[in-house]
2 protein chains.
Amino acid sequence: MEEGLVVIPKATVSRLPLYLQALTEYDHLGITLVSSEEIAQKLGITSSQLRKDLSYFGGLGIRGAGYDVACLLGRIKEILGMQKKRRLAIIGAGKLGTALAGYRGLQQHGLEVKALFEIDKGKIGTAIAGVPVYPLAELHAQTARLGLEIAVLTVPAAAAQKVADLVVEAGFKAIWNFAPIRLEVPENIIVQYEDLVAGVLTLVHHLSRKLG
Amino acid sequence: MEEGLVVIPKATVSRLPLYLQALTEYDHLGITLVSSEEIAQKLGITSSQLRKDLSYFGGLGIRGAGYDVACLLGRIKEILGMQKKRRLAIIGAGKLGTALAGYRGLQQHGLEVKALFEIDKGKIGTAIAGVPVYPLAELHAQTARLGLEIAVLTVPAAAAQKVADLVVEAGFKAIWNFAPIRLEVPENIIVQYEDLVAGVLTLVHHLSRKLG
DNA sequence: GTCTCCTTGTGATTATTTTCACAATGTTAT
DNA sequence: ATAACATTGTGAAAATAATCACAAGGAGAC
Ligand SMILES: NC(=O)c1ccc[n+]([C@@H]2O[C@H](COP(=O)([O-])OP(=O)(O)OC[C@H]3O[C@@H](n4cnc5c(N)ncnc54)[C@H](O)[C@@H]3O)[C@@H](O)[C@H]2O)c1
Ligand SMILES: NC(=O)c1ccc[n+]([C@@H]2O[C@H](COP(=O)([O-])OP(=O)(O)OC[C@H]3O[C@@H](n4cnc5c(N)ncnc54)[C@H](O)[C@@H]3O)[C@@H](O)[C@H]2O)c1
């Protein structure tokens with residue numbers, strides 16, 4: 001069960017944030033031991049799926065008892081790469097960018113919003129939720145100075161590709177993209193698409209299946 | 001190939017919003033015919049996957065030529081249930097709720113934000129992006145009056161379950177939940193979880209795999 | 001310490017999804 | 001009309017994921 005040799009299924013990785021969520025809640029409630037059945041019930045999955053997923057990371061549980069919440073929480077954070085803090089910049093201080101800048105959930109997961117970038121002169125020089133707003137022209141300079149790694153794209157779709165090009169050039173390693181458009185970037189840049197419309201359309205699809 | 005008899009794979013349905021995105025872009029550019037290869041390239045998937053997906057809905061393409069953009073767009077909208085307009089309410093007029101209330105992407109997909117609900121007296125009675133803010137106590141009455149179907153939950157996690165209970169009681173049919181918590185609701189209520197933290201943690205995971 | 005009970009960890013099985021490869025069938029040029 | 005060509009639609013094969021069922025092992029009672 002040497003990790004590194006074992007290939008961890010993509011489907012398993014995609015569920016880790018879910019497990020993190022449930023375990024964080026147990027932790028806050030002061031619960032120190034939970035069974036796979038309990039977690040599974042809370043999350044609406046099967047307990048065998050949870051156990052199988054966790055088994056890829058070695059024997060984390062205690063047979064006959066369950067899983068130690070603190071221990072499992074730590075291990076999942078480690079696997080997700082959350083030990084190291086990451087610095088983000090938000091490009092586009094509009095409605096969504098502003099909301100994200102003030103979102104405490106990011107900070108709580110080791111993600112520090114260090115800068116906002118804008119082209120609107122009215123916003124440049126101000127601070128939003130304590131985060132300074134820089135002109136887009138300073139992207140390159142500030143990226144190096146602040147050690148920025150992840151760019152959050154909350155600019156209009158029409159500007160997104162051009163901004164993505166600038167972001168890549170500035171030295172960012174990853175993009176979290178909220179604009180409803182696919183980006184063309186070099187292979188070595190990680191892109192995570194956050195398509196809120198896709199989410200609600202999935203819901204609409206289920207709704208119309210049921211009700212017409 | 002009678003639809004209704006054929007079971008459409010979940011994985012296929014989950015990709016339809018993606019196809020919608022690409023086709024909408026082609027449509028705006030005035031392109032009327034595209035090959036599976038072109039679409040696939042833009043989206044970073046294989047052309048055979050696209051063709052297989054579309055094949056579940058019958059012969060939509062033109063052999064030797066490609067797919068008619070307008071025709072395919074219409075069919076996908078139909079399958080996703082977008083012909084019928086849906087009325088939404090946003091519960092929690094905070095940072096995220098405000099951003100969503102003013103998001104034009106919803107309107108563009110037939111989703112009408114008709115109301116915001118709040119407990120903060122300072123916000124009640126005002127309008128945000130043209131949407132009136134009602135007291136949470138009026139949830140039941142306004143749901144019936146306005147014909148609300150989908151509740152968007154943008155309240156703090158601690159309040160989310162209680163609000164979900166109220167939303168169910170008020171007669172909503174579906175919940176689009178942004179609070180980082182799993183909800184307990186009756187079987188017949190559709191819940192779509194929008195976990196932004198999960199998205200960015202997936203990105204962080206990839207990042208730390210690559211860079212450590 | 002032994003016995004009973006409980007829950008994990010996992011090989012085997014089944015289901016789902018993706019990829020492959022090519023026949024079918026349309027377009028376009030002449 | 002016919003030939004040359006392009007692209008779809010789809011069975012079959014391969015890969016991936018989920019579920020099952022139970023042996024293994026640890027906890028707790030006495
Ligand atoms: N508002 C939402 O709730 C929401 C939800 C999902 C997705 N989105 C997407 O997020 C993006 C932003 O949406 P929004 O509602 O916040 O729009 P917005 O108009 O409120 O904000 C966009 C901001 O980007 C700035 N901007 C424009 N071009 C720029 C550039 N080249 N460089 C830097 N800044 C630039 C504008 O000045 C503006 O402040 C859009 O692509 C939208 O589709 C928004
Ligand atoms: N801000 C973001 O970018 C962001 C991103 C992802 C997820 N979220 C989640 O969305 C939710 C809202 O986040 P936010 O940043 O907008 O918080 P916020 O504090 O800005 O807004 C919450 C709003 O809900 C209202 N509220 C509280 N209890 C209520 C109740 N019982 N009924 C109706 N309204 C009530 C508050 O008065 C406030 O206006 C949280 O669960 C958060 O985790 C936020």
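Note that the coordinates shown come from a computational prediction; the quantities given were computed from them, not determined experimentally. To find a chain, count down the sequence lines: A is the first, B the second, and so on, and within it residues start at 1.
- Close to dT19(C), at under 4.0 Å from its OP1 or OP2, lies a side-chain N or O of Thr46(B).
- Checked for salt-bridge contact, Lys42(B) and Glu25(B) meet the test: a charged N lies under 4.0 Å from a carboxylate O.
- One atom, CD1 of Ile62(A), and another, C1' of dG26(D), lie 9 Å apart when rounded to the nearest Å.
- Atom CD of Glu184(A) sits in a sparse spot, with 12 or fewer heavy atoms from other residues, nucleotides or ligands closer than 6.0 Å.
- The nucleotide whose nearest atom lies closest to any side-chain atom of Ser35(A) is, among dG26(C), dT7(C), dT18(C), dT7(C).
- Of the side-chain N and O atoms in Arg63(B), none sit less than 4.0 angstrom from OP1 or OP2 of dT10(D).
- In this structure a side-chain-to-backbone donor-acceptor pair under 3.5 Å is missing from Gln142(B) to Tyr134(B).
- Distances shorter than 4.0 Å separate none of the side-chain N or O atoms of Tyr67(B) from OP1 or OP2 on dA6(D).
- One can place CD of Gln49(B) at 15 Å from C1' of dG9(D), the figure rounded to the nearest angstrom.
- In this structure, the CG atom of Leu50(B) is 11 Å from the C1' atom of dT8(D), given to the nearest Å.
- Side-chain atoms of Arg51(B) lie closest to dA21(C) of the nucleotides dA21(C), dT17(C), dT10(C).
- For Lys10(B) and dA17(D), the NZ to P distance is 15 Å, given to the nearest whole Å.
- Put simply, the side chain of Lys173(A) never gets that close to the backbone of Val168(A): no donor and acceptor are under 3.5 Å apart.
- When distances are taken from the side chain of Ala65(B) to each of dT27(C), dA21(C), dA18(D), the shortest belongs to dT27(C).
- One atom, CG of Leu72(B), and another, C1' of dT8(D), lie 13 Å apart when rounded to the nearest Å.
- Look at CG on Leu18(A): it is 12 Å from P on dA18(D), rounded to the nearest Å.
- In this structure, Tyr56(B) atom OH and dG11(D) atom P are separated by 11 Å, rounded to whole Å.
- Nearest to the side-chain atoms of Lys52(A) among the listed nucleotides dC22(C), dT18(C), dA12(C) stands dA12(C).
- Between Gly64(A) and Thr12(A), it is Thr12(A) whose nearest contact on DNA chain D lies nearer the 5' terminus.
- Heavy-atom distances to DNA chain C give each of Leu54(A) and Asp53(B) a nearest nucleotide, and the one nearer the 5′ end belongs to Leu54(A).
- Thr12(B) places no side-chain N or O within donor-acceptor distance of the main-chain N or O of Ile8(B), the cut-off being under 3.5 Å.
- In this structure, Leu33(B) atom CG and dA6(D) atom P are separated by 15 Å, rounded to whole Å.
- Phosphate contact (OP1/OP2 of dT8(C), side-chain N/O of Ser36(A), threshold under 4.0 Å): present.
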